[in-house]
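I have placed the structure first, in the form of structure tokens, so that the comments after it can refer back to it.
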Protein chains: 2
Amino acid sequence: MQKPKTRRGEERRDAIVHAAAKLIYERGLRGTSLEDILRAADAGKSQMYHYFSSKDDLAAAVLEHQLAQVLGQQQQFRLETWSGLRAWFDALLEGQKARELRGCPVGSLAVEMSATSEELKARVADAFLRWQSTLEQAFEKMRSRGLIETDATPAELAQTTLAAIQGGYLLSTAEQDLQPMARSLKLAYTHLRSLIPKPSP
Amino acid sequence: MQKPKTRRGEERRDAIVHAAAKLIYERGLRGTSLEDILRAADAGKSQMYHYFSSKDDLAAAVLEHQLAQVLGQQQQFRLETWSGLRAWFDALLEGQKARELRGCPVGSLAVEMSATSEELKARVADAFLRWQSTLEQAFEKMRSRGLIETDATPAELAQTTLAAIQGGYLLSTAEQDLQPMARSLKLAYTHLRSLIPKPSP
DNA sequence: GCTACATTGGACCGAGCGGTACAATTGAGC
DNA sequence: GCTCAATTGTACCGCTCGGTCCAATGTAGC
């Protein structure tokens with residue numbers, strides 16, 4: 001409903017979002033009740049409805065939180081270098097293994113939210129486009145530095161790379177096997193490497 | 001609970017599964033109540049519980065139904081030929097457009113089911129592996145006919161192709177734009193084409 | 001047309017859901 | 001230490017959910 005106006009309020013709001021993110025990631029959005037979340041956050045209903053207007057509103061905040069987590073981790077890598085890109089892919093794979101093949105914290109939430117209201121659908125689209133745009137910037141840097149050379153636009157590369165990531169997550173979660181994701185990421189990496197300009201003889 | 005033992009029973013069971021598949025595809029599994037489904041199928045609760053032991057049991061039947069639909073359509077194409085493969089990709093894209101970017105009938109259900117019980121998770125894995133195996137067979141045919149030549153196993157090609165499809169679906173649904181799926185499928189196709197053996201000079 | 005079983009209608013249930021109301025409590029700034 | 005807005009505890013609400021029960025009805029095969 002409204003933003004926290006004190007330090008303490010902010011911390012409580014964050015605690016609710018954190019607990020919600022964790023539970024929703026594990027059980028899905030519809031599979032997680034407000035009461036579960038509030039119990040986990042050690043908060044009461046009045047607190048939640050003080051900061052969020054509805055469960056959907058909280059869900060939107062959780063989506064933002066998850067995206068921020070992903071982008072935060074991503075920022076630790078210099079994606080515009082080959083070694084950075086590879087390290088990032090490796091980290092995604094490690095994360096998926098560590099989280100027991102439960103899927104992408106943003107992607108799986110997005111699927112469920114897109115099947116709900118128009119409002120949430122729009123929020124999901126916005127979140128994904130922002131994610132895509134961070135990749136686009138990295139590929140644009142690579143292009144301008146001569147690391148890659150292709151007719152494909154950076155936007156196109158960002159889309160196909162993100163699709164490979166999401167497809168990898170989904171298949172690896174569905175089949176309960178890390179391999180499909182490993183292979184999908186490897187293919188995406190190999191494809192990008194194939195765009196390295198040929199040395200002119 | 002038990003299988004239909006008459007013609008009429010079978011039709012009613014099918015009607016329930018059909019209605020469930022449609023609504024669940026539109027609103028998600030948890031977002032669809034039994035009462036919604038039964039109203040749409042013009043059936044009563046006792047009918048549903050006569051043929052299914054629970055909502056999860058019905059969900060498993062819906063997954064089977066959706067997979068059968070997908071494999072049925074797929075069978076109309078000769079995937080082991082380049083033109084057939086391309087036509088299939090085009091058809092997937094057309095379907096996603098026609099269904100208003102709502103995603104893969106199997107994939108989106110799989111995401112939600114995997115976040116639920118262990119039982120459903122196992123069913124999802126089985127379904128996906130069966131889908132994957134049909135692709136694997138097609139690629140194996142291509143390989144044995146000399147259409148492709150690669151170190152990658154048919155199983156590996158099937159996995160990466162399926163991942164590209166699912167990633168394309170997910171991104172296109174999330175961003176509410178057909179383009180990411182179009183590009184993801186195009187990339188998958190191009191990659192497979194790159195495996196055409198070089199004519200020995 | 002009898003019989004045995006498959007099928008169906010519909011009332012009912014307890015639990016849990018998202019959401020509301022309101023009074024009590026806290027604490028920052030003066 | 002007063003004041004007043006920010007924050008919190010708690011009881012409550014109406015509704016919908018998945019699931020149960022059992023009597024009524026249809027019907028295939030004899």
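Order of the sequence lines fixes the chain letters, A, B, ..., with proteins taken first and strands second; residue numbering starts at 1 for each chain.
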If every non-hydrogen atom of [X] is compared with every non-hydrogen atom of [Y], which pair is closest and at what distance?
X      : Y      : result
B/L109 : B/A59  : CD2-O, 4.5 Å
A/L135 : A/A158 : CB-CB, 3.8 Å
B/P197 : B/E149 : CG-CB, 3.7 Å
A/T160 : B/S184 : CG2-N, 4.3 Å

Check the distance between [N]'s [atom2] and [X]'s [atom1] and give it to me in whole angstrom.
X     : N      : atom1 : atom2 : result
A/M48 : C/dC17 : CE    : C1'   : 13 Å
A/K55 : D/dC15 : NZ    : P     : 20 Å
A/R12 : D/dT8  : CZ    : P     : 7 Å
B/D56 : D/dC17 : CG    : C1'   : 14 Å
A/E11 : D/dT7  : CD    : C1'   : 13 Å
B/F52 : D/dG19 : CZ    : P     : 13 Å
B/R13 : C/dA6  : CZ    : P     : 16 Å
B/H50 : C/dG10 : NE2   : P     : 18 Å

State the [atom1]-[atom2] distance between [X] and [Y], to the nearest 0.5 angstrom.
X      : Y      : atom1 : atom2 : value
B/Y49  : B/L58  : OH    : CG    : 9.0 Å
A/S172 : A/R102 : OG    : CZ    : 12.0 Å
A/R13  : A/F52  : CZ    : CZ    : 4.0 Å
B/W88  : B/L93  : CH2   : CG    : 12.5 Å

Item to check | A/Y49 side-chain N/O to D/dT7 phosphate OP1/OP2 under 4.0 Å | outcome: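 Answer no for this pair, as no side-chain N or O of A/Y49 is under 4.0 Å from OP1 or OP2.
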Checklist entry - Think A/Q47 has a side-chain N or O under 4.0 angstrom from the OP1 or OP2 of D/dT7? => result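 So the side chain of A/Q47 is outside the cut-off, no N or O lying under 4.0 Å from OP1 or OP2 of D/dT7.
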Next on the checklist: Tell me which residues in residues 108-118 of chain B lie within less than 4.0 Å of DNA chain C, going by non-hydrogen atoms.
Outcome noted: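 Within residues 108-118 of chain B, no residue comes under 4.0 Å of DNA chain C.
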Next on the checklist: Taking the cut-offs as 6.0 angstrom to the six-membered ring centre and 45 degrees off its axis, would you call A/R12 and A/Y51 a cation-pi pair?
Outcome noted: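 Not satisfied by the 6.0 Å and 45° rule.
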Item to check | Selection: residues 22-43 of chain A, any non-hydrogen atom under 4.0 Å of DNA chain D | outcome: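 Nothing qualifies; none.
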Item to check | nucleotides 21-30 of chain C: protein proximity per nucleotide (B base, S sugar-phosphate only, - neither; heavy atom, under 4.0 Å) | outcome: B-----S---
Item to check | Side chains of B/S114 and A/Q176, donor plus acceptor under 3.5 Å | outcome: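 Checked: B/S114/A/Q176 side chains show no N/O donor-acceptor pair below 3.5 Å.
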Next on the checklist: My understanding is that only one of B/R143, B/M142, B/Q137 makes a side chain to side chain contact (heavy atoms under 4.5 Å, CB included) with B/E140; could you say which?
Outcome noted: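 Among B/R143, B/M142, B/Q137, the one that satisfies the side chain to side chain contact (heavy atoms under 4.5 Å, CB included) with B/E140 is B/R143.
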